[in-house]
Amino acid sequence: MIEYRNVSKTYDQGTEAVKNANVTIDKGEFVFIVGKSGSGKSTMIKMLMKEEEPTEGKIIIDGFDITDMKKSKIPYLRRSMGYVFQDFRLLPDRNVYENIAYAMRIIEASPRQIRRQVPIVLSLVGLSHKAKMLPDQLSGGEQQRVAIARAIVNNPTILLADEPTGDLDPETANEIMGLLNEINMRGTTVIIATHAKDIVDKMQKRVIAIENGVIYRDEKGGYNYEI
Ligand code: ADP
């Protein structure tokens with residue numbers, strides 16, 4: 001359902017961030033993209049959400065070449081995806097409930113849909129009791145749970161996460177990965193860029209390893225990778 005076909009990305013300054021990537025990710029897969037800082041992981045993710053464009057090659061999602069997509073269609077593509085970042089990116093002046101509801105208002109969901117759906121995702125991430133708190137009244141792990149709830153509230157088919165556990169202690173990081181795994185079990189394709197070696201080793205999921213922009217390993221069942 002997601003295919004990188006001979007994809008390369010060279011930034012304006014001449015950095016070759018991704019070199020001739022060929023990757024296919026099936027619907028419902030759970031995939032780690034691993035590698036050192038600067039190896040090209042974020043660029044791989046950003047090209048899926050059209051935050052960056054490949055300099056060469058194509059990216060096909062559900063049969064559509066997104067590299068050749070009309071600008072007017074980009075919002076629809078982005079609606080089919082949820083995003084989670086290392087730094088949570090919550091709205092600091094809005095409570096947990098409002099942070100999640102906001103993502104639904106953007107796509108013009110009805111107040112009724114919002115009242116129905118927000119409690120469902122809050123419960124899924126285990127934060128029903130913190131709905132009225134502001135982000136800075138929560139721990140890092142809780143903030144990331146809110147960000148995950150927000151990312152899935154519109155039922156995306158793909159969830160993209162860029163270093164989602166980068167700012168968290170190891171135990172909390174494990175919990176967050178467990179939550180992402182649960183979301184995957186419910187049918188969402190999950191793609192995570194990370195350099196959290198311990199967690200990747202433990203999860204035993206597909207691992208795509210990249211170094212200096214080159215994908216040098218792609219193992220379905222996970223493995224102990226070296227970085
Ligand atoms: P990672 O996510 O693995 O840390 P990135 O995809 O962010 O790697 O970066 C890959 C390479 O591309 C790095 O050398 C980085 O400095 C460079 N790079 C990333 N974004 C930009 C940009 N907007 N402009 C120029 N170079 C960039």
Side-chain angles (χ1 to χ4, degrees), residues 2-25 29-61 66-67 69 71 74 77-78 81-90 140 143-144 147-148 151 156 158-170 172-174 176-177 180-181 183-184 189-203 205-220 222-227:
I2 297 171
E3 190 184 350
Y4 294 81
R5 219 180 266 173
N6 303 113
V7 171
S8 296
K9 170 70 184 180
T10 305
Y11 285 104
D12 291 344
Q13 297 80 350
T15 308
E16 291 180 79
V18 173
K19 298 174 194 163
N20 196 30
N22 284 287
V23 175
T24 304
I25 297 170
E29 268 199 277
F30 187 116
V31 180
F32 285 116
I33 301 176
V34 304
K36 292 189 266 227
S37 179
S39 55
K41 306 182 295 296
S42 293
T43 304
M44 289 288 287
I45 300 262
K46 284 178 181 164
M47 289 190 293
L48 284 184
M49 53 206 245
K50 280 183 84 67
E51 203 178 294
E52 294 292 348
E53 292 298 329
T55 5
E56 276 172 66
K58 288 178 192 299
I59 297 179
I60 319 278
I61 299 183
I66 66 159
T67 40
M69 183 175 251
K71 263 215 166 103
I74 296 176
L77 172 80
R78 294 199 175 139
M81 300 179 183
Y83 315 101
V84 179
F85 304 95
Q86 176 167 353
D87 54 356
F88 322 133
R89 302 194 191 176
L90 301 174
Q143 290 186 54
Q144 196 58 303
I148 292 170
I158 302 168
L159 182 60
L160 303 173
D162 197 351
E163 296 286 2
T165 62
D167 283 348
L168 304 175
D169 62 79
T172 310
N174 271 322
I176 292 296
M177 284 298 178
L180 293 171
N181 195 26
I183 290 163
N184 173 249
T189 306
V190 174
I191 303 175
I192 304 174
T194 184
H195 64 265
K197 175 175 166 28
D198 294 350
I199 295 177
V200 174
D201 288 350
K202 198 180 291 173
M203 300 279 290
K205 301 288 188 184
R206 179 172 173 191
V207 179
I208 296 169
I210 183 166
E211 191 174 346
N212 292 326
V214 177
I215 293 172
Y216 66 97
R217 238 173 132 165
D218 183 352
E219 307 265 341
K220 284 271 176 193
Y223 66 99
N224 295 334
Y225 72 94
E226 302 292 327
I227 55 173

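Both counts, for ligands and for their atoms, begin at 1 and track the order of listing.
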Worksheet item: So which protein heavy atom does atom 15 (C) of ligand 1 come closest to, and at what separation?
Response: Thr15 CG2, 4.6 Å
Worksheet item: Which of the numbered atoms in ligand 1 are below 4.0 angstrom from a heavy atom of Gln13?
Response: 24 (N), 25 (C)
Fill in: Plane angle bin for Phe30 and Phe32 - parallel if under 30°, tilted between 30 and 60°, otherwise perpendicular
perpendicular
Worksheet item: Looking at Ala17, which atoms of ligand 1 are within less than 4.0 Å of one of its heavy atoms?
Response: 10 (C), 11 (C), 12 (O)
Fill in: Side-chain donor-acceptor pair present, Lys205, Asn181, cut-off under 3.5 Å
yes
Response to the item:
Near Ser37 (heavy-atom distance under 4.0 Å), the atoms of ligand 1 are 4 (O)
Practice prompt. Output the list of atoms in ligand 1 that are nearer than 4.0 Å to some heavy atom of Ser42, sorted by atom number.
Written response: 1 (P), 2 (O), 6 (O), 7 (O)
Fill in: Distance filter under 4.0 Å to Ser39 heavy atoms, resulting ligand 1 atoms
1 (P), 3 (O), 8 (O)
Fill in: Winner among Gly38, Gly14, Gly35 once heavy atoms are compared against atom 1 (P) of ligand 1
Gly38
Item to complete: Check step by step if side chain to side chain contact (heavy atoms under 4.5 Å, CB included) holds for Val31 and Val190.
Response: CA-CA 6 Å; Val31 180; Val190 174; over 6 Å; no
Practice prompt. Write out the residue and atom name of the closest protein heavy atom to atom 20 (N) of ligand 1, then the distance separating them to 0.1 Å.
Written response: Tyr11 CZ, 3.3 Å
Worksheet, complete the sentence: Quick note on ligand 1: atoms under 4.0 Å from a heavy atom of Lys36 include exactly 3 (O)
Worksheet item: Identify the closest protein heavy atom to atom 5 (P) of ligand 1: which residue and atom is it, and at what distance?
Response: Thr43 OG1, 3.7 Å
Worksheet item: So among Ile199, Val200, Asp201, which one has a side-chain contact (heavy atoms from CB on, under 4.5 Å) with Met203?
Response: Ile199
Worksheet entry | Side-chain H-bond candidate by donor/acceptor type, Asp162 with Ser42, under 3.5 Å | yes
Fill in: Test: Lys202 and Asp198 ion pair at under 4.0 Å
no
